[in-house]
Amino acid sequence: MSPLSDHLRDLIASQGPIPVSDYMALCLMHPEHGYYATRDPFGASGDFITAPEISQMFGELIGLSLAQAWMDQGVPNRFTLAELGPGRGTLMADILRATRSVPGFQAAAQIHLIEASPTLKSIQAETLEGYCTTWSDRITALPDQPLYLVANEFFDALPIRQFVRSGLGWCERQIGWNEGLTFGLAPETRYDSLTHRLDDTKDGDLVEQCPASVPIATQIGQQISSQGGTALIIDYGDWHSLGDTLQALENHAPVNPLQNPGNADLTAHVDFEALAMAAPCAHTKLTPQGVFLERLGITQRAQSLAQNLSGKPLETHIAAHRRLTHPAEMGTLFKVLGLYPHGTTPPPGLDP
């Protein structure tokens, strides 16, 4: 048993079974035993590799898309350049390197990182040494000015609730203890927030909700609508939630989500429809990551970088391009949603 297992056993013994959302929150952010609170989970030495760690091309193209959106909206002379859940800071570093040659962009940018993990904040500070960077725990701390934001694999780590359809009501999935952690169901209840899902589900179907994602999307959308800017949300998921997508990764391999709490990364697929509907601004069509990157010119960039490579570095570079764009890898599983002001041009790479 992991150290967090003892805490969960005692918690369940004292208050009864807990929702999946509470379990995820404790596993990821418990101050002593939480996954993100205690380690650097990224890269080959961690449990998973995100797109910015695969190749610099990903962050470069994201940066140029944001810079073009900034130009399309009249080059505001002061704006927030923000990232939610910045990992090691690699994506922001690549964005800043790629936009260095865009006149006025970095002089106007105020860099803000939304990060809750002290361990990752320290790593980000090293990665972005030399840049004036502000850290916040909450998106509500962002300045009231144009916002150019990226969230790559951020929303998938927010805790979800799971509900199983039962007649005209729903049974919330819970986690209890029976000689170990185990799934169970709460009694049937009717939830106003799930009434619309009665039209597209049947008995036994499971749907997921992410309570924290809606206010975050609303905050982003409100700021973009009132102040200008754009947001690029990149994650795995789809337009509509249906089915159990809770998953755990440990040492780059899938494991039982209840097996080793605090020592495995827990995520769930993103319901992009919920994000788009919560944001009071325009949104783009949901676009596969591979299509988005190809529209931005990743193949041309890959060919340019390949000219100076040979042997193993060239093989790694080719594999990175494939991993980011190919339908059998990240190209289709990962999607991109853009948010932007009504009446303006959507961010490059995305359709209105």
Side-chain angles (χ1 to χ4, degrees), residues 28 36 40-43 46-67 69 80-99 111-117 120-121 123-124 127-128 133 135-136 139 142 147-158 210 212-213 216-217 220 229-238 249 265 267-272 275-276 279 283-284 286-296 298 320-321 323-325 329-339 347-350:
L28 296 177
Y36 284 113
D40 170 14
F42 299 96
D47 291 315
F48 57 88
I49 299 176
T50 60
E53 307 292 338
I54 293 170
S55 170
Q56 70 186 63
M57 297 184 291
F58 181 80
E60 290 172 347
L61 294 173
I62 295 293
L64 294 177
S65 180
L66 292 174
T80 299
L81 179 61
E83 183 177 359
L84 307 185
R88 286 176 163 170
T90 304
L91 175 54
M92 183 56 74
D94 290 341
I95 288 171
L96 292 168
R97 185 181 62 256
T99 57
I111 304 166
H112 284 256
L113 303 182
I114 306 300
E115 179 59 70
S117 166
L120 292 177
K121 283 180 183 178
I123 296 169
Q124 292 155 16
T127 302
L128 297 170
T133 306
W135 280 265
S136 304
I139 193 170
L142 293 176
L147 174 63
Y148 292 81
L149 176 145
V150 60
N152 179 62
E153 292 196 57
F154 169 77
F155 285 97
D156 65 38
L158 296 181
C210 182
S213 69
I216 293 172
I220 294 170
T230 195
L232 297 174
I233 300 170
I234 306 144
D235 229 312
Y236 50 87
D238 219 322
L249 272 182
D265 180 42
T267 61
H269 284 206
V270 174
D271 183 343
F272 283 96
L275 299 182
H283 65 83
T284 67
L286 190 62
T287 303
Q289 176 179 289
V291 173
F292 172 69
L293 294 174
E294 289 294 355
R295 288 174 176 173
L296 294 178
I298 191 171
H321 174 266
R323 187 168 182 183
L324 289 172
T325 61
E329 303 216 26
M330 298 174 74
T332 298
L333 174 63
F334 282 75
K335 312 290 196 308
V336 185
L337 179 73
L339 304 178
L350 299 171

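In this chain, numbering begins with 1 at the start of the sequence shown. In this text, all values refer to a predicted model and were calculated from it rather than measured experimentally.
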### Criterion side-chain contact (heavy atoms from CB on, under 4.5 Å) on Leu249 and Thr267, from CA distance to verdict
CA-CA 9 Å; Leu249 272 182; Thr267 61; over 6 Å; no
### Message
Determine whether Thr133 and Met92 satisfy the following criterion, side-chain contact (heavy atoms from CB on, under 4.5 Å), listing intermediate values before the conclusion.
### Response
CA-CA 11 Å; Thr133 306; Met92 183 56 74; over 6 Å; no
### Message
The test is side-chain contact (heavy atoms from CB on, under 4.5 Å); show your working for Thr50 and Leu91 and say whether it passes.
### Response
CA-CA 10 Å; Thr50 60; Leu91 175 54; over 6 Å; no
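Between the side chain of Asp235 and the backbone N or O of Phe155, at least one donor-acceptor pair lies under 3.5 Å. Between the side chain of Thr80 and the main chain of Ala82, no donor-acceptor pair closer than 3.5 Å is present. Looking only at distances, a side-chain donor or acceptor of Thr230 sits under 3.5 Å from a matching main-chain atom of Leu339. Listed for the Thr127 side chain is a donor-acceptor partner under 3.5 Å among the backbone atoms of Arg88.
Residues Ile139 and Leu149 come closest through the heavy atom pair CD1-CD1, 4.3 Å. Summarising the geometry of Arg295 relative to Gly349, their closest heavy-atom pair is NH1-O, 3.1 Å, with the distance given to 0.1 Å. What you find for Thr90 and Pro52 is that their closest heavy atoms are CG2-O, 3.5 Å. For Leu324 against Ser55, the heavy-atom pair with the smallest separation is CD1-CB, 4.0 Å. Taking all atoms of both residues into account, the shortest heavy-atom contact from Ala231 to Ile220 is CB-CG2, 3.8 Å. A pairwise comparison of heavy atoms in Phe154 and Gly85 identifies CD1-N, 3.7 Å as the closest pair.
Side-chain atoms of Val270 and Lys335, non-hydrogen and from C-beta on, never get closer than 4.5 Å to each other. Considering only heavy atoms from C-beta on, Leu293 stays 4.5 Å or farther from Val336 through its side chain. No side-chain heavy atom of Pro86 sits less than 4.5 Å from a side-chain heavy atom of Leu120. Taking the side chain as every heavy atom from C-beta outward, Val150 and Leu81 never approach each other to under 4.5 Å. At a threshold of 4.5 Å between non-hydrogen side-chain atoms, the residues Ile216 and Leu84 count as touching. Contact check for Ile62 versus Phe292: side-chain heavy atoms found under the 4.5 Å cut-off. At least one side-chain heavy atom of Thr284 sits under 4.5 Å from a side-chain heavy atom of Pro347. Side-chain contact between Ile234 and Gln289 is present, with heavy atoms from C-beta onward closer than 4.5 Å.
Partners of Asp94 according to the salt bridge (charged side-chain N to carboxylate O under 4.0 Å, His left out) rule, which considers only residues two or more places apart in sequence or in another chain, are Arg97. Annotation: side chain to side chain donor-acceptor pair (under 3.5 Å) contacts of Gln124 (sequence neighbours excluded): Glu115, Trp135. Evaluation of the salt bridge (charged side-chain N to carboxylate O under 4.0 Å, His left out) rule for Arg323 yields no partner, not counting sequence neighbours. The side chain to side chain donor-acceptor pair (under 3.5 Å) search around Thr325 returns none, not counting sequence neighbours. Judged as a side chain to side chain contact (heavy atoms under 4.5 Å, CB included), and not counting sequence neighbours, the contacts of Thr332 are Pro327. For His283, the ring pair (Phe, Tyr, Trp, His ring centres under 6.0 Å) test picks out Trp239, with sequence neighbours left out.
Separating the CG atom in Asp156 from the OH atom in Tyr236 is a distance of 4.0 Å, to the nearest 0.5 Å. Annotation: the span from Leu61 atom CG to Ile298 atom CD1 amounts to 5.5 Å, rounded to 0.5 Å. Within the model, atoms SG of Cys210 and CG of Asp271 stand 9.0 Å from one another, a figure rounded to the nearest 0.5 Å. Remark: Ser65 OG to Leu232 CG distance equals 5.0 Å, nearest 0.5 Å.
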